[in-house]
Amino acid sequence: MAGGASVVPDGGAGNYGGGVTFSVVVTCLMAASCGLIFGYDSGVSGGVTQMDSFLSKFFPDVIAGRKSARADAYCKYDNQWLTAFTSSLWIAGTLSSLVASRVTRRVGRQAIMLIGGALFLAGSIINAAAVNIAMLIIGRMLLGFGLGFTLQAAPVYLSETAPAKWRGAFTSAYNAFVVIGILSATITNYFTNRIPNWGWRVSLGLAAVPGAFIVLGAFFVSDTPISLVMRGQPERARAALQRIRGTDADVDAEFKDIVRAVGVARQNDEGAFRRLFSKEYRHYLAIGVAIPVFYEFTGMIVISIFSPVLFRTVGFSSQRAILGSVINSATNLASTLLSSVVMDRTGRRFLFIIGGLGMMLCEVAISWIMADHLGKHGGVTMPRSYATAVLVLICMCTFSFGLSWAPLRWVVPSEIYPVEVRSAGQAMSISITLCISFVELQVFIALLCAMKYAVFLFYAAWLLAMTIFIVVFLPETKGVPLEAMRSVFAQHWYWRRFVKDPKDEDNQDNCL
């Protein structure tokens, strides 16, 4: 569902009633705020894992190894248990997102956000009270379960609720809250790092704040009209649609399109995952898989999470490393807000391409600086001039990322799938993201130790490949109602072989 246009027999688009209302803004902001828990955890874990108070309690071997690693600064934090603390959340999120896709069809997206927030709240409390590594991992797993549930529900909730004309801006608000969460976490780490012995507990425990916010907020919003119709509650669905479109809006056309789309979905109610792999849905599957895979191989997820560790590696002190992360997070927020403003004007493809090229050039430059330092000074800590250049380039890379792949990774997969496979498609996209994140986070520090500057060349090569993919295979979806998305693929030079244009089907029906 999306406002702005309606699929009509001649294949054109009629106008739905309503526009941007106070109700739709409040509802979408609440759903988008689920990004806070994703962002806060992503930002807090990297800072905590380089705090001496945290390392001395749980990972004393890292403290000892850091002192003996001066001959090779890239290997200071190469410890698999330490990276397991960070990455365990992502494997839990992978499993829970698959479960959430099935549960969503029974209880709705609003209930899934409520469950996710409660699980995240419980995990944050356990982490703050941890006395051994086992408690840390259990807490991280609960955080992951909560993350998987909210990731499954929130982006789709936004795309099904927002008006089509502004769907990109509303859906990208999820990523804006992710970045706000990251920035909040890095600022928190900056101050708690000064607290001896227990500062890390404050950082981990404050994750309960966004968790509690999600739990409370979920009680004050209704489910999406599509979800309500799918669960046999058309009266509530129409009332919810009227509320978010405005009391004076004519929602008849949009509601009829929703009922029609759900009717098609019910004819194919079973085997959504199996249908995703059929020829009829191959185009959705290809885009829905390629974007989360490419997103992970931008290299920005590990830069975001491990930026304090990365800055310590190149020569910053603990406090300066966290300050560098704060600057990087603020850059991310600025570019994300800019993306929300321009996305529905420039289109998705343009931002993908510009952002991909920008990140590629920055990562090549980072690799060159590291290689130059390694050739001149060996593996010792970088001089300040080199370290400052790396910080500037990482911020430039982050700006390109926040303008393009960071928000669009959530926008495009949530809007391309037809309703009958939307939950399954979203679950697959989220599961792929979290699974690759788990592997990537688990091995990044080891890769940095083994490959050194070449690790950024590895990511730059992927950025070139994904930019070419976007140019060749991604159709523009700006302003297209969800119910009319199939027409976009039917007009694409390559994907049209897998899908028939609804206009042609309607013409055949008229002839009959």
Side-chain angles (χ1 to χ4, degrees), residues 31-42 87-105 107-117 119-120 123 140-160 171-175 177-178 181 214 224 227 272-273 275-277 281 284-298 300-301 304-305 405-441 482:
S33 65
C34 287
L36 286 173
I37 63 177
F38 188 10
Y40 187 88
D41 186 82
S42 297
S87 63
S88 57
L89 174 144
W90 305 88
I91 195 66
T94 300
L95 299 174
S96 65
S97 65
L98 293 172
V99 173
S101 70
R102 294 185 177 275
V103 179
T104 298
R105 298 175 70 87
V107 303
R109 310 197 194 287
Q110 178 249 8
I112 290 296
M113 291 189 290
L114 176 62
I115 295 170
L119 289 170
F120 195 89
R140 295 288 292 175
M141 297 287 279
L142 284 173
L143 292 173
F145 291 143
L147 181 62
F149 271 72
T150 55
L151 278 174
Q152 166 64 26
V156 176
Y157 187 103
L158 289 164
S159 68
E160 290 183 348
T171 308
S172 66
Y174 178 85
N175 186 69
F177 275 95
V178 171
I214 301 305
T224 69
S227 182
F273 280 100
R275 287 200 307 278
L276 271 176
F277 290 90
Y281 297 92
Y284 304 121
L285 179 66
I287 300 297
V289 169
I291 287 179
V293 169
F294 285 144
Y295 169 84
E296 291 301 315
F297 286 104
T298 60
M300 294 308 299
I301 185 71
S304 174
I305 292 174
W405 278 86
L408 291 170
R409 180 265 168 272
W410 306 108
V411 172
V412 175
S414 68
E415 68 185 5
I416 62 170
Y417 290 109
V419 65
E420 66 268 22
V421 294
R422 189 168 297 153
S423 291
Q426 179 72 357
M428 179 168 291
S429 296
I430 295 302
S431 297
I432 289 170
T433 294
L434 297 178
C435 189
I436 297 177
S437 293
F438 166 74
V439 175
E440 195 174 11
L441 292 171
L482 300 187

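As the structure is a prediction and not an experimental result, all values here were calculated from the model.
Closest heavy-atom contact between I112 and V103: CD1-CG1, 3.7 Å. Here the closest non-hydrogen pair linking M113 and C34 is SD-SG, 3.6 Å. Taking all atoms of both residues into account, the shortest heavy-atom contact from T433 to P292 is OG1-CB, 3.1 Å. S437 approaches W90 most closely through the heavy-atom pair CB-CE3, 3.6 Å.
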Next item on the list: For R422 and S159, run side-chain hydrogen bond (donor to acceptor under 3.5 Å, both in side chains): C-alpha distance rounded to whole Å, both residues' side-chain angles, the deciding distance at 0.1 Å, then the answer.
Entry: CA-CA 11 Å; R422 189 168 297 153; S159 68; 5.6 Å; no
Checklist line | Steps toward side-chain contact (heavy atoms from CB on, under 4.5 Å) verdict (F149, F120) | finding: CA-CA 10 Å; F149 271 72; F120 195 89; over 6 Å; no
Margin query: Please determine whether side-chain contact (heavy atoms from CB on, under 4.5 Å) holds for the pair L151 and F38, giving the CA-CA distance in whole Å, both sets of side-chain angles, and the decisive distance to 0.1 Å.
Written below: CA-CA 8 Å; L151 278 174; F38 188 10; 3.9 Å; yes
Item checked: Audit row: F145, L142, side-chain contact (heavy atoms from CB on, under 4.5 Å) steps and yes/no -> CA-CA 5 Å; F145 291 143; L142 284 173; 4.2 Å; yes
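In this view, S96 satisfies the side chain to side chain donor-acceptor pair (under 3.5 Å) rule with no residue, not counting sequence neighbours. S33 pairs by the side chain to side chain donor-acceptor pair (under 3.5 Å) definition with nothing, not counting sequence neighbours.
Put simply, the side chain of V293 reaches to within 4.5 Å of the side chain of I436, judged on heavy atoms.
W410 and F177 have their aromatic ring centers separated by at least 6.0 angstrom.
Checking side-chain atoms of S429 against main-chain N and O of G288 turns up a donor-acceptor pair under 3.5 Å. The main-chain N or O of V411 is found under 3.5 Å from a side-chain atom of S414 such that the two form a donor-acceptor pair. Side-chain N or O atoms of S97 include none that pairs as donor or acceptor with a backbone N or O of Q152 at under 3.5 Å.
Considering OG1 of T298 and CH2 of W405, their distance stands at 8.0 Å, rounded to 0.5 Å.
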